[in-house]
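Read the structure below first, then the notes.
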Amino acid sequence: MNINTAVRREVVIMTKYRMCLIALLMLSVMMLGVLSGFFLLTPNPERIAETENIQAEELKPVTSQEEKINSDTKIVYEYVYLGGHKEYSETTAPRSWQGFTLTEFKDVFESWQIKEFSSEEVRLSKNLKVYSPKHYVLGVYDGYVAVFRKNEYDEDKVKQVTGTPLSSLPEAEQKRLLKGIDFYGDSELIKILQDYET
């Protein structure tokens with residue numbers, strides 16, 4: 001075997017190696033694109049549950065179907081929890097939604113209420129069959145004032161037990177606590193805990 005044949009064989013091997021690397025790189029980029037598209041089209045799956053008894057709410061009239069989503073379109077999600085609590089999140093339109101008309105958008109988000117659709121802003125609303133993670137009930141656990149959180153089955157789960165015995169409170173307050181006092185929000189939780197811990 002002469003040197004030219006060995007060099008050619010080495011070049012062929014290196015070329016095949018480079019082609020394999022390029023193919024692997026292209027496959028990785030395609031898979032990354034598919035996964036990115038999937039995650040961008042799926043709006044926050046941890047917070048979404050099936051709708052039940054959609055509350056009739058007056059919707060703003062939807063604008064012309066000629067409006068299209070663009071890179072500057074603001075997307076606003078409204079989550080309506082059991083008990084009527086609402087939470088909002090906001091983002092800009094992902095690249096995979098750009099160019100969607102109202103009709104195309106409805107096909108993707110058929111389980112959501114589209115409250116507003118324009119190239120400036122899209123407002124989506126969804127009724128959830130669960131209580132908000134920020135919905136609390138102040139009550140009694142083992143003779144002490146405690147904070148509960150409702151789960152999706154409307155059951156109270158102990159979140160925190162205070163050091164305040166129920167017997168140390170006025171009778172009217174004891175009755176209220178035995179019934180349970182609903183409240184909403186982490187700042188309210190902190191305030192109530194401070195009130196009952198002192």
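The basis for the numbers below is simple: all heavy atoms, side chains too, and nothing from hydrogens, waters or symmetry mates.
- We find the CG-CZ distance between Asn70 and Arg95 to be 13.0 Å, quoted to the nearest 0.5 Å.
- Counting only distance, with no hydrogens or angles, the side chain of Glu104 and the backbone of Thr101 share a donor-acceptor pair below 3.5 Å.
- Using modelled atom types and a 3.5 Å distance limit, the side chains of Ser71 and Gln98 yield no donor-acceptor pair.
- Of all heavy-atom pairs spanning Val158 and Tyr141, the tightest one is CG2-CD1, 3.6 Å.
- Within a 6.0 Å radius of CD in Glu171, other residues, nucleotides and ligands contribute 12 heavy atoms or fewer.
- Checking Lys74 against Thr92 by side-chain atom types alone, no donor-acceptor pair falls below 3.5 Å.
- When ring centroids are compared, Tyr136 and Tyr184 stay outside the 6.0 Å threshold.
- Using modelled atom types, no side-chain atom of Glu116 and backbone atom of Arg123 make a donor-acceptor pair closer than 3.5 Å.
- Using cut-offs of 30° and 60° on the angle between ring planes, the pair Tyr77 and Tyr79 is parallel.
- Here the side chain of Gln174 pairs a donor or acceptor atom with the backbone of Leu166 at under 3.5 angstrom.
- If you check the side chains of Thr73 and Glu120, you find no donor sitting under 3.5 Å from an acceptor.
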Begin from the C-alpha positions of Phe109 and Trp97 and carry the test ring-ring contact (aromatic ring centres under 6.0 Å, His included) through to its verdict. CA-CA 11 Å; Phe109 288 91; Trp97 295 4; 5.1 Å; yes
